[in-house]
Amino acid sequence: MAKGAARVIYWFRTDLRLHDSPALQAALDLKPEALFPIWCWDSHYVYRARVGVNRFQFLIDCQNDLSQSITKLNKKSKLFVMREPAVTLLPKLFKTWKITHLVFEKDTDAYARDRDNQVMEMAKEAGVEVIVKSGRTLWDSDDLVKANGGKPTMSNTQLQAAGAKVGDIARPIDAPKSIPDPGDMNLNIEQTQPEPEPDFNAKYRDSEEASYSSGIAGPKGDYAPPSIEELGMPAATTPHKGGETVVLKMLDEILADEDYTGTFEKPKTSPAAFEPQSTCLTSPYLHFGALSCRYFYHKVEAIIEKRNKAKENVSKPPENLIGQLRFRDMYFCAQAALGYSFAQTYNNSHCRFIPWHLPSKINTSNKLITGSYEIDSEQKDIEFKRWSNGTTGFPWIDAIMRQLRQEGWIHHLARHSVACFLTRGGAYISWERGAEVFEELLIDHETACNVGNWQWLSCTAFYSQFYRCYSPVAFGKKWDPNGDYIRKYVPELKDMPAKYIFEPHKAPLPDQKAAGVQIKGDGTETEGAGGLKMYPKPMFDFPTQREICLQGMKNAYHIGMYGNDPRVMDGSWKKAFDDAAEGPTEGSKGGPGGLETWDDVEGEEGDDPVDEPKTPKARGKAGASSKQSSPKATRAGHKREHSQSTLDGAFEKKAKGSK
DNA sequence: GAAGGAGTTGCTTAT
DNA sequence: GATAAGCAACTCCTT
């Protein structure tokens with residue numbers, strides 16, 4: 001390790017803030033002669049993760065805001081956004097800048113761990129000392145895993161017991177009052193451009209992605225974050241603005257309302273409320289680290305203590321704000337324990353196996369899902385797309401999905417409603433499909449919470465009361481009997497009488513006409529005869545589907561397989577399921593992880609011949625010729641998508657063995 | 001180890 | 001209009 005004055009890279013990642021950052025504090029404690037606050041523009045994020053324009057915009061907002069805050073502390077400094085992935089850039093910077101220390105906040109996402117391990121290896125080779133501090137969660141997720149006997153926390157009780165063992169939640173640290181100068185930023189190093197293919201975000205772009213094409217410092221040479229235009233995407237549509245200063249101001253207002261903060265109960269907040277929403281909308285800021293969860297926690301805790309002393313009403317965990325933050329830690333701990341397998345059913349020791357429609361394709365060599373899916377039924381693929389686009393014909397569901405697409409944020413209970421509807425309480429489609437859509441569209445997406453919540457709602461992990469099923473009609477009505485939320489996000493229905501707004505297909509034709517809308521078709525047409533607006537009929541009979549799902553869940557629970565069951569791994573799971581059971585269950589030899597066949601399997605054993613003749617049910621059920629269409633049944637023009645793919649082609653993901 | 005109650009947030013009908 | 005019971009039924013936690 002270098003002696004003398006410290007020259008430090010502070011590598012910002014999901015900690016875009018100055019307040020309460022143990023890692024940043026550690027960097028400052030080195031009293032460096034040069035501190036380089038950098039962001040490595042990671043091609044995983046640009047090409048390989050599902051990131052819609054709204055989350056990109058939110059990230060850029062956070063980066064710009066942080067950069068300005070740094071500059072306020074030191075005119076020479078800012079957040080230097082460097083247009084190259086960390087794994088190729090950092091080794092060059094270590095040399096050029098004569099770096100002695102690399103400091104960053106710990107990230108337990110499976111992908112980030114692989115990347116960080118590689119970076120730490122490179123730092124070691126370069127003689128650079130690495131300092132990693134935990135700050136993304138209330139407790140260090142790895143400590144929680146240890147305290148929970150090496151296992152993922154699968155309930156709130158387990159999380160609390162583990163948390164109690166780990167100890168008190170660290171007190172927040174004040175934002176620094178000064179920041180050292182950076183060193184010479186006139187870089188004379190070659191930019192290594194990452195591999196742009198496959199580009200999983202290509203479908204969201206209307207022009208070519210160009211964030212790497214003007215060198216490491218960007219088109220103006222000022223290390224500014226790329227613009228949305230550079231990413232080739234159309235302008236963002238979210239009204240939510242990222243940034244540490246934005247959220248700290250928001251939080252001040254929330255905390256100033258001590259009644260709201262002290263008595264907050266999540267189940268009593270309305271999913272139908274908008275302008276303003278009923279919850280604090282801090283999740284995207286927590287995701288990007290613009291808000292510290294520990295800072296938030298201690299602020300809320302102080303208010304609760306104060307109200308307790310004054311004998312005023314307080315709400316309690318798990319429903320209150322403290323409880324919400326704890327659930328976040330529970331999911332992070334589960335992810336930390338399970339690694340990549342946490343985000344999929346296949347090879348997941350803690351996720352129940354259900355023979356869902358539209359199962360994920362599998363790579364048996366690395367035991368990971370490939371990012372695309374098998375279409376076991378054309379009808380189910382249509383239902384999935386209608387769900388995703390907000391044209392199911394169930395206005396409550398469609399309003400939620402359209403708000404999600406437009407704004408990038410929806411209420412937690414709204415997420416419950418549409419997730420239940422897609423999976424165990426409606427379409428019986430794999431939760432992995434839903435999680436991928438949320439990954440693309442949510443501005444607050446983080447794998448741990450998204451995957452955890454999808455498993456929860458699909459009753460594959462964390463929760464099991466599948467007979468408690470959300471109705472796409474009754475649930476919304478309970479919160480919003482007049483349907484104002486639907487009127488806002490499904491404007492075709494804005495003049496529909498309240499009596500029919502949750503089930504417009506039941507409105508008599510004269511009422512439809514008076515409301516200026518025709519309830520007709522499958523959502524592919526938006527305008528009917530005479531310029532009348534069109535809104536689709538329901539894509540299925542909900543009570544019928546609910547019954548099918550209940551039977552399917554009951555049956556799958558009874559069989560009781562988990563994702564790492566040998567039968568799930570080798571495809572023999574089909575033997576345990578009756579041919580007539582819901583999902584691609586016909587025959588006795590399926591593919592791994594719930595695939596109908598081995599046709600869609602990559603990897604060494606992927607060419608395993610399936611000897612028996614297949615007559616997939618999809619044919620009879622959906623009128624689709626699945627036997628013929630099966631290999632081609634991948635979405636037309638569907639690029640291979642991937643939510644947790646390899647990093648920049650720089651290294652292979654490590655498969656996480658089953659527990 | 002068995003038994004009973006609890007579990008962040010269901011829906012419908014009866015009182 | 002609020003509250004409770006019944007629905008059919010899961011796992012986990014505590015006693």
Side-chain angles (χ1 to χ4, degrees), chain A residues 138 148-149 151-164 263-273 277-280 283 297 300 304 314-331 333-334 349-354 394 396-397 400 410-426 431 449 452-482 502-503 541-562:
Chain A
L138 299 177
N148 196 45
K151 294 189 196 125
T153 46
M154 300 307 287
S155 71
N156 193 20
T157 316
Q158 287 172 14
L159 184 272
Q160 289 201 60
T263 64
F264 180 97
E265 288 174 273
K266 177 58 93 33
K268 291 187 181 164
T269 58
S270 170
Q277 73 287 338
S278 62
T279 50
C280 1
S283 52
Y297 174 95
V300 172
I304 288 174
V314 291
S315 51
K316 293 192 165 56
E319 287 87 0
N320 70 2
L321 288 170
I322 297 291
Q324 304 307 304
L325 289 169
R326 284 189 192 159
F327 276 112
R328 184 172 173 273
D329 261 51
M330 176 181 81
Y331 290 138
C333 174
S349 52
H350 286 69
C351 180
R352 275 181 186 281
F353 174 76
I354 313 279
F394 294 91
W396 170 251
I397 300 295
I400 295 168
I410 50 177
H411 186 278
H412 190 64
L413 291 182
R415 301 180 195 204
H416 276 213
S417 205
V418 295
C420 180
F421 183 84
L422 182 74
T423 58
R424 55 142 173 125
W431 63 264
C449 296
N453 278 320
W454 273 96
Q455 291 179 356
W456 184 299
L457 264 300
S458 62
C459 287
T460 49
F462 302 103
Y463 189 75
S464 53
Q465 290 162 269
F466 54 75
Y467 43 88
R468 289 193 181 164
C469 177
Y470 289 88
S471 158
V473 175
F475 185 69
K477 239 183 218 175
K478 189 169 75 185
W479 294 103
D480 182 22
N482 190 45
F502 284 87
E503 296 175 283
D541 178 61
F542 179 73
T544 308
Q545 277 305 121
R546 182 184 177 276
E547 206 41 53
I548 290 170
C549 287
L550 266 175
Q551 288 312 311
M553 293 302 289
K554 203 172 142 181
N555 185 42
Y557 261 66
H558 183 70
I559 291 167
M561 288 183 204
Y562 282 80

Roughly how many Å is it from [atom1] in [X] to [atom2] in [N], rounded to a whole number?
| X | N | atom1 | atom2 | answer |
| --- | --- | --- | --- | --- |
| A:His416 | B:dT8 | NE2 | C1' | 8 Å |
| A:Gln455 | B:dT8 | CD | P | 16 Å |
| A:Met553 | B:dG10 | CE | C1' | 15 Å |
| A:Leu413 | B:dT8 | CG | P | 14 Å |
| A:Lys266 | B:dG7 | NZ | P | 18 Å |
| A:Arg468 | B:dT8 | CZ | C1' | 11 Å |

Atom pairs and distances, donor-acceptor, side-chain atoms in residues 464-482 of chain A, under 3.5 Å, two or more places apart:
residue	atom	partner	partner atom	Å
A:Tyr470	OH	A:His416	ND1	2.9
A:Ser471	OG	A:Val473	N	3.0
A:Ser471	OG	A:Ala474	N	2.9
A:Asp480	OD1	A:Gly483	N	3.3
A:Asp480	OD1	A:Asp484	N	3.1
A:Asp480	OD2	A:Asp484	N	2.9
A:Asp480	OD2	A:Tyr485	N	2.8
A:Asn482	ND2	A:Asp484	OD1	2.7

Taking side chain to side chain contact (heavy atoms under 4.5 Å, CB included) as the definition, give me every residue that meets it alongside [X], ordered by chain and number, with sequence neighbours left out.
| X | answer |
| --- | --- |
| A:Asn148 | A:Lys151, A:Thr153, A:Gln158, A:Ala162 |
| A:Ala414 | A:Pro271, A:Ile400, A:Ile410, A:His411 |
| A:Pro543 | A:Asp541 |

Only pairs under 3.5 Å count here: list side-chain donor-acceptor contacts from residues 455-463 of chain A, not counting sequence neighbours, and write none if there are none.
residue	atom	partner	partner atom	Å
A:Gln455	NE2	A:Phe342	O	2.9
A:Ser458	OG	A:Trp454	O	2.7
A:Ser458	OG	A:Gln455	O	3.3
A:Ser458	OG	A:Thr460	OG1	2.9
A:Thr460	OG1	A:Gln455	O	3.3

### Summary
Here DNA chain C, pairs taken as Watson-Crick or G-U under 3.5 Å and shown with ( ), [ ] when crossing and | when to another strand, reads .||||||..||||||
### Message
What contact category does A:Trp479 fall into here, base, sugar-phosphate, or nothing, at under 4.0 angstrom with non-hydrogen atoms?
### Response
nothing
### Task
Compare every heavy atom of A:Leu321 with every heavy atom of A:Cys280, then report the nearest pair and how far apart it is.
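Scanning both residues, the minimum pair turns out to be SG-CD2, 3.8 Å.
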### For A:Thr279 against A:Thr269, the heavy-atom pair lying closest together
CG2-OG1, 3.5 Å
For [N] and [M], measure between their [atom1] atoms and round to the nearest Å.
| N | M | atom1 | answer |
| --- | --- | --- | --- |
| C:dC13 | B:dT9 | P | 15 Å |
| B:dA2 | C:dA9 | P | 24 Å |
| B:dA6 | C:dA5 | P | 14 Å |

### Contacts of type side-chain hydrogen bond (donor to acceptor under 3.5 Å, both in side chains), residue A:Asn453, not counting sequence neighbours
A:Tyr331
### A:Arg415: partners by salt bridge (charged side-chain N to carboxylate O under 4.0 Å, His left out), with sequence neighbours left out
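Testing A:Arg415 for salt bridge (charged side-chain N to carboxylate O under 4.0 Å, His left out), a comparison that skips the adjacent residues, returns A:Asp444.
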### Query
With sequence neighbours left out, what residues match A:Glu319 under salt bridge (charged side-chain N to carboxylate O under 4.0 Å, His left out)?
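Counting only residues at least two positions away or on another chain, A:Glu319 forms no salt bridge (charged side-chain N to carboxylate O under 4.0 Å, His left out).
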Find every protein N or O atom lying less than 3.5 Å from an N or O atom of nucleotides 12-15 of chain B, and list the pairs.
none

Side chains of residues 545-555 of chain A: which donor-acceptor partners sit under 3.5 Å, not counting sequence neighbours?
residue	atom	partner	partner atom	Å
A:Gln545	NE2	A:Gly426	O	2.7

Close N/O contacts between protein and nucleotides 9-13 of chain C (under 3.5 Å):
residue	atom	partner	partner atom	Å
C:dA9	OP1	A:Lys554	NZ	2.3
C:dA9	N3	A:Tyr467	OH	3.0
C:dC10	O2	A:Ser464	OG	3.2
C:dC10	N3	A:Tyr467	OH	3.3
C:dT11	OP1	A:Arg352	NH2	3.3
C:dT11	O4'	A:Ser464	OG	3.1
C:dC13	OP1	A:Ser155	OG	2.9
C:dC13	OP1	A:Gln158	NE2	3.1

### Task
Decide yes or no, distance alone: a donor-acceptor N/O pair under 3.5 angstrom between the base of B:dT9 and the side-chain of A:Glu319.
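Not at all, since no donor on one side and acceptor on the other fall under 3.5 Å apart.
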